[in-house]
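Side-chain atoms are counted along with the backbone in the values below, which use heavy atoms only and exclude waters and symmetry mates.
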Amino acid sequence: EDTARFTVYSDSVETRLVATDRELLAQIGRITGGGEIPLAGLKELPNRIRQFEELSRDKLKARDIWDRLSVFSLLAGLLAVEWFARRRLGLV
């Protein structure tokens, strides 16, 4: 009987090649509208985040449907016609 101790390691490209690919990161930044910030310019990061949030925020303002006179008038008119028809047919 022979015994031997051994260790198994998970081998993947992601864990072997961990160096930063600056060219790929710069390309991704250009495509997505981003950019890179050098370590010396790290203090401007909060301002850039605020600018991005303002630019990407929806410009639409929610309005209630009842604020439109035509929609309210139509619904009120339909209710009046329905009430009048019930009264006429004796369904009230």
Side-chain angles (χ1 to χ4, degrees):
E1 178 177 313
D2 286 335
T3 58
R5 298 186 77 156
F6 64 93
T7 305
V8 177
Y9 294 101
S10 173
D11 187 31
S12 75
V13 175
E14 291 178 349
T15 57
R16 275 189 285 142
L17 304 174
V18 294
T20 304
D21 188 355
R22 291 196 178 274
E23 184 179 325
L24 177 63
L25 292 175
Q27 182 181 5
I28 292 171
R30 281 191 305 274
I31 291 171
T32 60
E36 62 180 294
I37 301 173
L39 193 56
L42 199 57
K43 290 181 181 179
E44 70 182 55
L45 182 62
N47 291 333
R48 292 181 97 176
I49 292 173
R50 275 190 225 100
Q51 288 174 353
F52 174 76
E53 287 176 345
E54 289 174 8
L55 290 174
S56 62
R57 188 174 297 141
D58 290 338
K59 304 286 190 242
L60 299 176
K61 182 181 176 188
R63 277 182 63 186
D64 291 332
I65 195 168
W66 311 111
D67 287 347
R68 298 187 182 122
L69 181 61
S70 59
V71 174
F72 180 75
S73 300
L74 176 69
L75 290 175
L78 288 173
L79 285 173
V81 168
E82 188 260 345
W83 176 80
F84 182 74
R86 285 173 162 262
R87 292 283 289 183
R88 199 77 155 131
L89 297 172
L91 298 175
V92 176

Worksheet entry | side chain to side chain contact (heavy atoms under 4.5 Å, CB included) involving T20 - partner list, sequence neighbours excluded | R22, L25
Discussion item. Listing request: all side-chain hydrogen bond (donor to acceptor under 3.5 Å, both in side chains) pairs with a residue in residues 37-53, at least two apart in sequence or in separate chains.
Written reply: N47-R50
Only pairs under 3.5 Å count here: list side-chain donor-acceptor contacts from residues 30-39, not counting sequence neighbours, and write none if there are none.
from, atom 1, to, atom 2, distance (Å)
T32, OG1, I28, O, 2.8

Worksheet item: Which other residues belong to the hydrophobic cluster containing V8, where Ile, Leu, Val, Met, Phe, Trp and Tyr are joined when side-chain heavy atoms lie under 4.5 Å apart, directly or via other members?
Response: F6
Name the atoms and distances for all side-chain donor-acceptor pairs under 3.5 Å in residues 68-92, with sequence neighbours left out.
from, atom 1, to, atom 2, distance (Å)
S73, OG, L69, O, 2.8
E82, OE2, R86, NE, 2.4

Discussion item. Working to the nearest 0.5 angstrom, can you tell me the gap between Q27 CD and D21 CG?
Written reply: 9.0 Å
Item to complete: List the steps and the verdict of side chain to side chain contact (heavy atoms under 4.5 Å, CB included) for L55 and R57.
Response: CA-CA 6 Å; L55 290 174; R57 188 174 297 141; over 6 Å; no
